[in-house]
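If you're wondering where the values come from, they're calculated on a predicted model, not measured in any experiment.
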Protein chains: 2
Amino acid sequence: MRIGELARRSGVSTRALRHYEEKGLLAARRGANGYREYDEADVRLVQEIRALMAVGFTLEDARPFVACLRAGNESGGVCPESVDVVRRKLTEIDTEIRDLMARRDEMLRRNT
Amino acid sequence: MRIGELARRSGVSTRALRHYEEKGLLAARRGANGYREYDEADVRLVQEIRALMAVGFTLEDARPFVACLRAGNESGGVCPESVDVVRRKLTEIDTEIRDLMARRDEMLRRNT
DNA sequence: CTAAACCTTCACATCAGCGTGAAGGTCAAG
DNA sequence: CTTGACCTTCACGCTGATGTGAAGGTTTAG
């Protein structure tokens, strides 16, 4: 399929897809006319990326997951690099939550 | 005092001070040579801005506080506009905390 | 054959809060 | 007179993930 269909099927813009390619997260074969050609596996790749972004991952964070899927694994999260990223993300989120709660308390204290 | 001293006394860069001025948060008299001239009240203004930013306010958020101080109030938080911003900020922070916790849960669920 | 609907590659714009020079004026000390 | 430490006004760079044209080639349906 071409980029427009992949965009529709994965729910992202064509611009985003080209961006993922530019960042090395997505690869495309090229047709004789220069058009990008994708297959079903690419749909899953993009969905994986979006699912990760939905929980706060950056494209950089998603990289090992994509590599894991490309390596033939059924899930992008089974590779050790992915696990590392998940752990890092969890501590990042926890830190952020603690920071926000501290700020909240600080604001309430100031207000009294 | 000039910008360098204000910077030292309030703990920010001269660049930041010029930025605050550009954003309309800080006003400066100008000496005959074109140099910015500040007084004690400006030190308090900048400290107020930094205190607000420390708890997650943007410069835009800080605007009503600065106006409130300029209006002669001893605290920047006593004006109704400031109170509004504080309330908005609290709900923003609460929303963000809830989002982060939801993401955390989502990540943990995916991992099992 | 033509117009719509695709596709291509640049490349600047956005949001925030500055950092970091560039190029140059001012002023006190030695 | 000359450093050197100030100050001035531009104006681009950074981070992330696209949005938004520009300018043009391709394909497809009628």
Give the intermediate values and the outcome of side chain to side chain donor-acceptor pair (under 3.5 Å) for residues Thr91(A) and Asp94(A). CA-CA 5 Å; Thr91(A) 64; Asp94(A) 286 347; over 6 Å; no
Quickly work out the [X] [atom1] to [N] [atom2] distance and round it to whole Å.
X        : N       : atom1 : atom2 : answer
Leu52(A) : dG16(D) : CG    : C1'   : 16 Å
Ile3(B)  : dC18(C) : CD1   : P     : 13 Å
Glu21(B) : dG17(C) : CD    : P     : 17 Å
Arg18(B) : dC7(D)  : CZ    : C1'   : 7 Å
Leu25(A) : dA17(D) : CG    : C1'   : 12 Å
Glu37(B) : dC6(D)  : CD    : C1'   : 12 Å
Leu17(A) : dT18(D) : CG    : P     : 9 Å
Glu22(B) : dA16(C) : CD    : C1'   : 12 Å

Residue pair [X] / [Y]: nearest heavy atoms and the distance that separates them:
X        : Y         : answer
Leu90(A) : Leu108(B) : CD1-CD2, 3.7 Å
Glu48(B) : Phe65(B)  : OE2-CD2, 3.6 Å
Ser75(A) : Leu69(A)  : C-CD2, 3.8 Å
Gly76(B) : Ser82(B)  : O-OG, 2.8 Å
Val12(B) : Arg50(B)  : CG1-CD, 3.3 Å

Would Glu40(B) and Arg9(B) pass as an ion pair if we require N to O under 4.0 Å? yes
Side-chain donor or acceptor of Arg15(A) under 3.5 Å from a matching atom on the base of dT20(D)? yes
With a non-hydrogen cut-off below 4.0 angstrom, is Ser13(A) in contact with a base, only sugar-phosphate, or nothing?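 Counting heavy atoms under 4.0 Å across all strands, the contact made by Ser13(A) is with sugar-phosphate only.
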Just the atom pairs and distances: protein N or O near nucleotides 27-29 of chain D's N or O, under 3.5 Å.
from	atom 1	to	atom 2	distance (Å)
dT27(D)	OP1	Asn33(A)	ND2	3.2

Does OP1 or OP2 of dC6(D) have a side-chain N or O of Arg36(B) closer than 4.0 Å? no
